[in-house]
Amino acid sequence: MTRSPLVEDPRILAAPLNWQDRLRRHGCTARPATDVRERLVPPFPKRSVWDWLGPLLVAALAGVIRFWHLGRPRAVIFDETFYAKDAWSLLRLGYEGTWPDRKIADPQLLADPQVISLSDTGTFVAHPPTGKWVIALGEWMFGLTPFGWRFMTAALGTLSVLMLCRVGRRLFRSTFLGCLAGALLALDGLHVVMSRTALLDLVVMFFVLAAFGCLLIDRDHARARLAAVLPVGADGRARPDEHAADHTGTGPRPWRLAAGVLLGLAASTKWNGLYVLVFFTALTVLWDVGSRRVAGSRRPYLAVLNKGLGWSLLSLVPVAVLTYLATWTGWFLSDDGYGRHWADGRGGTWSWIPAPLRSLWHYEHAVYEFNVGLHTPHKYQSNPWSWLVQGRPVLFDYQSPKPGQDGCRTAVDCSQTVLALGTPLLWWSACGALAYLLFRWALRRDWRAGAILCGVGAGYLPWFLYQDRTIFSFYAVVFVPYLCLAVAMTVGAMLGPPGSDLRRRTLGAVAAGTLVLLIVWNFIWFFPLYTGVTIPYADWHARMWLDTWI
């Protein structure tokens, strides 16, 4: 048997190994060649009944939590005194009318028989109308009652859990991680409280999350169009092609148009939705640049500028502006809305603009001055630096039932509270998860981490511009879904990448399972504080883990 000359040639044996050979000697192999189409649009897991059944079951759990005794407490709690009444006024007048002082009007709404003392004189309000129209839909169906004015926020809170399951599945290409993110949202205390209260921030969260989901779908569709025009080699794999990457158009993008409408609805609920529009517009442009680069473009920014930037911006910003204006239709059609005829008969440089639009601009300028100048001290205001660690939650309602009353079965007074507090272990875990995502985005260029961080930043960072203003930690509900996505992505990393050995998988599953079970237990422990359940005072005090929560 002849031996290979390569084995015995001393020149070959003496040659130094290069770094690739050294890696191979230690068991490292080159990454197999991948199809560019799979890099552009990673495949989804194999279709399964759990793709929809899992999210629906998680949403059903969220619905039970949010609708359980929704009318309790039977009171007008916190800022419901503004939004529940404004919603009813929109339903009856098309604009916000005038109510008596809350000390008079609130008891009248809860009295039997009910007294509704609304007048048709327009009143100044600090927020656009969309969120109040949403609340009004529940009042139209169930009347001006606590259940009626809370119904739609509970419904949107439940639907947002379903959406997050599907958003997570598309983002991670994992039904399990998507359902985990949805389950974490279902069990977040702040999200539960805001879903059971007629305030505007939960409505903003819903529209922003829906827009985020639409942009994810648009991203997949746009990248699929690029993948379809790439040349395919003899081995069946598509390869990058500079010409295709630079000259392929984006085609119609209905999902981006839908996102523009939804972001307009978010901004017409509360103005912080405008910041989300800016963040998400930048995010989609960067996504388009990344897709051109993967497809083979050497100048991806120029390719996006030539083939997609104009339509991308038109699909979001102008659509959002038109949607914003459309939500003021009731005010435009009225004669008695606050400031409706301010511009009538006025001349000046801008007189060529229709008077109703100038009147709205004047009204909105007054609203802006009011909001940025709001410095009235409040017991439960907080600085945004403390939000992620839940340093100062907001007490929406507190009652002290006497023994034998309203479920109090102790010899001393009990406590009945609605506290806008996020599930502590979930939020504290999210702080670590955000640090991990910063690493994934900055050093591993993981677009999923960047997308989640963008969602958090859009809802969180703008509030640092107004640290001297009266602001509250429950504003953070807008970015709660992205904290849940961050924790879910971190749990996926804890479980280990595909191909990990059994020991690695086992240790990861134990660690991840322990974290999730602790979050579930934490939610159950604080559940009475979220839903107004009557508990002994000692039990309430045991749940005040930090002095700043009292």
Side-chain angles (χ1 to χ4, degrees), residues 160 163-164 167-168 171-172 181 184-185 188 190-191 194 201-202 204-216 218-219 256 259-260 262-264 266-267 269-290 312-313 316-317 320 382-391 422 426-467 469 471-490:
S160 66
M163 280 199 305
L164 189 64
V167 164
L171 189 66
F172 302 130
L184 293 174
L185 186 63
D188 175 61
L190 179 60
H191 192 271
M194 299 303 290
D201 303 87
L202 191 284
V204 177
M205 180 279 307
F206 177 83
F207 288 134
V208 168
L209 180 60
F212 185 75
C214 288
L215 291 176
L216 281 177
D218 172 75
R219 179 183 186 274
R256 186 166 287 193
L262 290 164
L263 291 171
T269 299
K270 287 187 76 172
W271 278 4
N272 51 320
L274 291 172
Y275 292 104
V276 180
L277 174 63
V278 174
F279 273 75
F280 281 10
T281 300
L283 178 67
T284 56
V285 171
L286 292 177
W287 279 352
D288 287 345
V289 169
S312 296
L313 296 179
L316 289 176
V317 179
S382 59
N383 190 283
W385 286 105
S386 69
W387 291 1
L388 285 178
V389 295
Q390 292 295 286
L426 172 59
W427 283 71
W428 298 341
S429 300
C431 293
L434 291 177
Y436 169 69
L437 262 62
L438 281 170
F439 159 76
R440 291 291 309 178
W441 174 62
L443 300 181
R444 292 293 183 267
R445 294 295 186 266
D446 192 324
W447 74 271
R448 302 168 303 170
I452 297 170
L453 291 172
C454 180
V456 174
Y460 186 30
L461 295 181
W463 290 110
F464 286 92
L465 301 174
Y466 306 101
Q467 295 184 64
R469 180 188 181 276
I471 53 178
F472 302 94
S473 61
F474 66 79
Y475 297 167
V477 73
V478 174
F479 61 84
V480 167
Y482 311 98
L483 298 183
C484 297
L485 288 171
V487 174
M489 184 171 174
T490 304

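Numbers here simply count residues along the sequence, with the first being 1. Side chains included, hydrogens not; waters and symmetry mates left out as well; all remaining heavy atoms used.
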Quick one: closest heavy-atom pair of [X] and [Y], and the distance?
| X | Y | result |
| --- | --- | --- |
| Leu263 | Ala320 | C-CB, 4.5 Å |
| Phe280 | Gly455 | CE1-CA, 4.2 Å |
| Trp385 | Asn383 | CD1-OD1, 2.8 Å |
| Ser382 | Trp387 | OG-NE1, 2.9 Å |
| Ala433 | Ala486 | CB-O, 3.6 Å |
| Ala430 | Leu483 | CB-CB, 4.0 Å |

Gap between atom [atom2] of [Y] and atom [atom1] of [X] - 0.5 Å precision:
| X | Y | atom1 | atom2 | value |
| --- | --- | --- | --- | --- |
| Leu426 | Cys484 | CG | SG | 5.0 Å |
| Phe212 | Leu262 | CZ | CG | 13.5 Å |
| Leu190 | Met205 | CG | CE | 9.5 Å |
| Leu202 | Phe474 | CG | CZ | 11.5 Å |
| Lys270 | Asp201 | NZ | CG | 3.5 Å |
| Arg445 | Leu443 | CZ | CG | 7.5 Å |

(Q) Show, in sequence, the C-alpha distance, side-chain angles and deciding distance for Ile452 and Leu171, and conclude whether the side-chain contact (heavy atoms from CB on, under 4.5 Å) test is met. (A) CA-CA 9 Å; Ile452 297 170; Leu171 189 66; 3.8 Å; yes
Q. Do the rings of Tyr466 and Tyr275 sit parallel, tilted or perpendicular, given the 30° and 60° boundaries?
A.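 Plane angle over 60°, so perpendicular.
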Q) Who are the ring pair (Phe, Tyr, Trp, His ring centres under 6.0 Å) partners of Trp287, not counting sequence neighbours? A)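 Testing Trp287 for ring pair (Phe, Tyr, Trp, His ring centres under 6.0 Å), a comparison that skips the adjacent residues, returns Trp447.
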Compare all side-chain heavy atoms of [X] with those of [Y] and state whether any distance is below 4.5 angstrom.
| X | Y | value |
| --- | --- | --- |
| Ile471 | Trp463 | yes |
| Thr490 | Leu437 | yes |
| Tyr460 | Leu388 | yes |
| Arg219 | Thr284 | no |
| Leu215 | Leu283 | no |
| Phe172 | Leu485 | yes |
| Val208 | Pro481 | no |
| Leu453 | Leu438 | yes |

**Q.** Trp441 atom CH2: more than 12 heavy-atom contacts under 6.0 Å
**A.**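 12 or below, so no.
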Q) Mind checking what makes salt bridge (charged side-chain N to carboxylate O under 4.0 Å, His left out) contact with Asp288, not counting sequence neighbours? A)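 For Asp288 the salt bridge (charged side-chain N to carboxylate O under 4.0 Å, His left out) partners, ignoring immediate neighbours, are Arg253, Arg256.
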Q) Have Trp427 and Asp188 got a donor and an acceptor in their side chains that come within less than 3.5 Å? A)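 Result is yes, a qualifying pair exists.
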Q. Does a donor on one side chain and an acceptor on the other come within less than 3.5 Å for Trp428 and Gln390?
A.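 There is no such pair between these side chains.
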Q) Would you call Asp446 and Arg448 a salt bridge, taking side-chain N to carboxylate O under 4.0 Å as the test? A)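 Looking at Arg448 together with Asp446, the answer is yes, because their closest N to O distance falls below 4.0 Å.
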Q | Leu164, Leu434, Leu209, Val167 screened by side-chain contact (heavy atoms from CB on, under 4.5 Å) with Tyr482, the one that passes | A |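 It is Leu209; the other options fail the test.
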